[in-house]
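Per chain, numbering begins at 1; letters A, B, ... match sequence-line order. Owing to the predicted nature of the structure, the values given are computational and were not obtained by experimental measurement.
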There are 2 protein chains.
Amino acid sequence: MARAKHYQASTYKARTSVGYLVKRAQTAMVNGIEPAFAEHGFNLMQWIVLIYLRDGIALNAKDICAEFQYNSGALTRVIDQLEERGYIERRRSRNDRRSVELHLTDSGRELVKSLVPVVVDRLNQALSDFTRAEVSELTRLLNKLIAGSQSMASAGEAA
Amino acid sequence: MARAKHYQASTYKARTSVGYLVKRAQTAMVNGIEPAFAEHGFNLMQWIVLIYLRDGIALNAKDICAEFQYNSGALTRVIDQLEERGYIERRRSRNDRRSVELHLTDSGRELVKSLVPVVVDRLNQALSDFTRAEVSELTRLLNKLIAGSQSMASAGEAA
DNA sequence: CGGCATTAGCTGCCAAGGCAGACAATATCA
DNA sequence: TGATATTGTCTGCCTTGGCAGCTAATGCCG
């Protein structure tokens, strides 16, 4: 396939590559938000699980792994922690007894409600110099990049 | 300061947030490129060190840590691996004997030369549906997001 | 010069993530 | 139905990254 040559081997510099920039952006955002969770005794991954359950993105561990590209073994342990602390419950599914349904408890629901404004505020801070149009363009381009990177991954398998 | 409210607590959904998208993009890109390094017995961080030295972004461990937001203890071990395999050399600086200058060996330089085309090709694949204008806009917005996220982090400290 | 703070790098320890293997439940299909 | 494959979860093991503390070298005063 004839493909646009956005980068060329002869002129490639790490610091200008989209890969580098995405990595730096991700690190900077995590560093910005983690302290806020830490104040409440949480980390980012625990938050992800809670918000996924609240948003109904996932009902069980498998869905979270698929959506967030996370390892199922590691997730088991994150869920253990949240269950120990009483924020979520495991319930064996009746339909498929291999599967474990995850549910927010009342205290989990309250926790999410109290943390959402913190997260939203941090995001808005990070985007405070952006116009609305820029945010929506960034969102669009990131989605496109995700799609393209996934096809890159599968192309790699084939090779 | 009056700040644009790009997100609101009452309508916030994880999946549409820039934080989520950046994370997904980063994971997808890493998953796409790691196998290429693995074929040669490397991982991403080792590559970062090599390309930083080649590009002259860093001369010693401290610079790499600062530029890439990486932990100095962890970096020591990455450098150990690369030195053992003969791709880089440590040389005590004459000017400041606390500092250790890092240098690519000939074999390290060859390695980088052989891997750059692989990296460039994967990046172009990920961006194959992008126009040139889109790539440059994405680059601009990511740089802006990085700047904004860093200010978010320091605002967090103050609070 | 002598004392104190700072800097660069390294080590030990711990937590988190990836991977492979195990197990129970389910699906598939002859 | 019975045999085999697949699925969802969990466990053990290993690697990696973060953190705190250490040492050697330097800088900065007085």
Side-chain angles (χ1 to χ4, degrees), chain A residues 23-24 26-28 30-35 37-38 41-49 52-53 58-85 88-103 153 157, chain B residues 23-24 26-28 30-35 37-38 41-49 52-53 58-85 88-103 153 157:
Chain A
K23 201 283 174 188
R24 291 279 282 109
Q26 200 256 347
T27 305
V30 170
N31 288 347
I33 198 75
E34 281 264 50
F37 291 129
F42 292 96
N43 61 36
L44 186 53
M45 194 56 213
Q46 294 170 327
W47 168 252
I48 294 291
V49 171
Y52 271 36
L53 293 180
L59 295 177
N60 55 32
K62 177 207 154 216
D63 294 345
I64 297 176
C65 292
E67 256 291 312
F68 203 65
Q69 307 270 90
Y70 201 72
N71 178 266
S72 81
L75 187 57
T76 293
R77 293 179 282 254
V78 174
I79 292 170
D80 287 344
Q81 296 163 356
L82 291 171
E83 190 181 35
E84 271 170 35
R85 293 166 68 179
I88 63 178
E89 276 178 7
R90 281 175 162 108
R91 296 186 208 148
R92 214 81 203 175
S93 166
R94 299 248 174 92
N95 311 337
D96 183 343
R97 291 184 36 73
R98 287 169 303 185
S99 179
V100 176
E101 289 172 4
L102 302 173
H103 296 268
E157 283 168 31
Chain B
K23 201 282 174 189
R24 291 280 281 110
Q26 200 256 346
T27 305
V30 170
N31 289 346
I33 199 75
E34 280 264 52
F37 291 127
F42 292 96
N43 62 35
L44 186 53
M45 194 56 213
Q46 295 170 326
W47 168 252
I48 295 291
V49 171
Y52 272 35
L53 293 180
L59 295 178
N60 54 34
K62 178 207 155 219
D63 295 344
I64 297 176
C65 292
E67 256 291 312
F68 202 66
Q69 307 271 91
Y70 201 72
N71 178 265
S72 83
L75 186 58
T76 293
R77 294 179 282 254
V78 174
I79 292 170
D80 286 345
Q81 297 163 356
L82 291 171
E83 190 182 34
E84 270 169 37
R85 293 166 66 178
I88 64 178
E89 276 178 7
R90 282 177 162 107
R91 296 187 208 149
R92 273 284 169 207
S93 164
R94 297 250 174 91
N95 311 338
D96 184 342
R97 293 186 34 73
R98 288 170 303 186
S99 180
V100 175
E101 290 172 4
L102 302 173
H103 296 269
E157 283 169 31

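Taking atom OH of A:Y70 as the reference point, atom P of D:dG8 lies 19 Å away to the nearest angstrom. With rounding to whole Å, A:R92 atom CZ is found 17 Å from D:dT7 atom P. Between the CD atom of A:Q81 and the P atom of D:dC10 there is a distance of 13 Å, rounded to whole Å. One atom, CG of B:L75, and another, C1' of D:dG18, lie 13 Å apart when rounded to the nearest Å. Rounded to an integer number of Å, the gap from A:N43 CG to D:dG18 C1' is 13 Å.
Proximity of A:R90 to the phosphate of D:dC10: a side-chain N or O atom is located under 4.0 Å from OP1 or OP2.
Here the CG-OH distance, from B:D63 to B:Y52, works out to 11.0 Å after rounding to the nearest 0.5 Å.
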Sub-3.5 Å pairs of nitrogen or oxygen atoms, protein against nucleotides 3-5 of chain D:
none

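Between the side chain of A:R24 and the backbone N or O of B:E67, at least one donor-acceptor pair lies under 3.5 Å.
More than 12 non-hydrogen atoms from other residues, nucleotides or ligands lie less than 6.0 angstrom from CZ of B:R92. Atom CG of A:L59 sits in a sparse spot, with 12 or fewer heavy atoms from other residues, nucleotides or ligands closer than 6.0 Å.
For B:D96, the side chain to side chain donor-acceptor pair (under 3.5 Å) partners are B:R98, not counting sequence neighbours. Taking the salt bridge (Lys or Arg N to Asp or Glu O under 4.0 Å) definition, one finds that B:E34 meets it with nothing, sequence neighbours left out.
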Query - Per-nucleotide protein contact string for nucleotides 19-28 of chain D, where B marks a base within reach and S marks sugar-phosphate only (heavy atoms under 4.0 Å, - for neither) - result: B-----BS--
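Place A:M45 and B:N60 on DNA chain C by their nearest nucleotides, and B:N60 ends up nearer the 5' end.
Closest non-hydrogen pair, B:L53 versus B:A58, comes out as CD2-O, 3.5 Å. Heavy-atom minimum distance, B:I79 versus B:A61: CD1-CB, 4.0 Å.
Residue-level contact check: B:T76 touches the bases, meaning some heavy atom is under 4.0 Å from a base atom.
Put simply, chain A comes within 4.0 Å of DNA chain C, heavy atom to any atom, from C:dA16 to C:dT26, going 5' to 3'.
Counting only residues at least two apart or in different chains, salt bridge (Lys or Arg N to Asp or Glu O under 4.0 Å) contacts with residues 69-85 of chain A comprise A:D80-A:R90, A:E83-A:R90.
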